[in-house]
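Excluded from the calculations below are hydrogen atoms, water molecules and symmetry mates; all remaining heavy atoms, backbone and side chain alike, are included.
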Amino acid sequence: ASGLPSIAEVKSVTDTVMDKVAKGDLAGGLNTFKSLTIIPPAEFDAMVGQAVMQMPVMTSRYGATLDQEFIKEARIGNSLAELVYIHRFDKHAMRWQFYLYRGKDGWVINTFHFDDRWPELFDGK
């Protein structure tokens with residue numbers, strides 16, 4: 001993965017990811033940051049395929065997509081950061097977390113995940 005010089009530049013990428021996700025292009029959104037992650041390409045592609053298969057279940061349960069919202073940026077020390085968003089549906093929200101690491105080549109997305117446990121955001125988890 002090639003890194004970016006600042007968290008702000010990574011956030012610009014994750015903003016694009018979430019905009020695409022909120023417009024119904026989950027695969028396109030995820031693939032936006034494929035070159036910025038340390039996840040091996042084959043594993044990343046499998047994750048994208050799984051996520052795409054889960055989306056119809058989410059929309060049947062939570063309703064249509066409304067939009068996305070940036071929630072917070074958290075930093076620990078000089079080398080670790082987290083960017084948190086919610087993907088808003090009619091009846092619920094999905095929490096998206098991007099974990100960043102600063103190595104010798106800049107900031108990369110070390111890992112990410114999304115789930116429906118946004119109430120944990122109130123617990124500081």
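- With sequence neighbours excluded, the residues satisfying side chain to side chain donor-acceptor pair (under 3.5 Å) with Asp115 are Arg95, His113, Arg117.
- In this structure Phe33 satisfies the ring-ring contact (aromatic ring centres under 6.0 Å, His included) test together with Phe44, Phe98, Phe112, sequence neighbours excluded.
- The backbone N or O of Pro56 lies less than 3.5 Å from a partner atom in the side chain of Thr59, making a donor-acceptor pair.
- Taking each heavy atom of His87 and Met18 in turn, the nearest pair found is CB-CE, 4.2 Å.
- Take Leu80 and apply the side-chain contact (heavy atoms from CB on, under 4.5 Å) test, not counting sequence neighbours, and it matches Ile76, Tyr101.
- Around atom CG of Asp90, more than 12 heavy atoms belonging to other residues, nucleotides or ligands sit under 6.0 Å away.
- With sequence neighbours excluded, no residue forms a side chain to side chain donor-acceptor pair (under 3.5 Å) with Asp25.
- Summarising the geometry, atom CZ belonging to Arg102 is positioned 10.0 Å from atom CZ belonging to Arg75; distances are rounded to the nearest 0.5 Å.
- Residues forming a salt bridge (charged side-chain N to carboxylate O under 4.0 Å, His left out) with Arg88 (at least two apart in sequence, or on another chain): Asp67.
- When all heavy atoms are compared, the tightest approach of Leu30 to Ala51 is CD1-CB, 4.0 Å.
- Applying the side-chain contact (heavy atoms from CB on, under 4.5 Å) rule to Thr32 yields the partners Val13, Thr16, Val17, Lys20; only residues at least two apart in sequence or on another chain are considered.
- Checked against side chain to side chain donor-acceptor pair (under 3.5 Å), Ser6 has the following partners two or more places apart in sequence or in another chain: Glu9.
- A distance of 7.5 Å separates CD1 of Ile38 from OG1 of Thr111, quoted to the nearest 0.5 Å.
- Note that the CD1 atom of Ile7 and the OG atom of Ser12 stand 13.5 Å from one another [nearest 0.5 Å].
- Every residue two or more places apart in sequence or in another chain was checked for a ring-ring contact (aromatic ring centres under 6.0 Å, His included) with Trp107, and none qualifies.
- No continuous path of ILVMFWY side-chain contacts below 4.5 Å connects Met47 to Met53, so the two sit in separate hydrophobic clusters.
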List the steps, then state whether side-chain contact (heavy atoms from CB on, under 4.5 Å) holds for Leu100 with Val108. CA-CA 6 Å; Leu100 316 181; Val108 295; over 6 Å; no
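- Following chains of ILVMFWY side-chain contacts shorter than 4.5 Å, one can reach Phe89 starting from Phe70, so the two form part of one hydrophobic cluster.
- Aromatic ring centres of Trp96 and Phe114: separated by under 6.0 Å.
- Scored by the side chain to side chain donor-acceptor pair (under 3.5 Å) test, Arg61 finds no partners at all (sequence neighbours excluded).
- Summarising the geometry, atom CD1 belonging to Ile86 is positioned 12.5 Å from atom CD belonging to Gln97; distances are rounded to the nearest 0.5 Å.
- Thr37 places a side-chain N or O within donor-acceptor distance of the main-chain N or O of Ile109, the cut-off being under 3.5 Å.
- Between Val21 and Gly29 the shortest heavy-atom distance is CG2-CA, 4.5 Å.
- Residues Leu36 and Tyr99 are members of separate hydrophobic clusters, defined by side-chain heavy-atom contacts under 4.5 angstrom among Ile, Leu, Val, Met, Phe, Trp and Tyr.
- A search for salt bridge (charged side-chain N to carboxylate O under 4.0 Å, His left out) contacts involving Asp15 returns Lys11, not counting sequence neighbours.
- Residues passing the side-chain contact (heavy atoms from CB on, under 4.5 Å) test with Ala74 are Glu82, sequence neighbours excluded.
- Take Asp116 and apply the side-chain contact (heavy atoms from CB on, under 4.5 Å) test, not counting sequence neighbours, and it matches Tyr62, His92, Met94.
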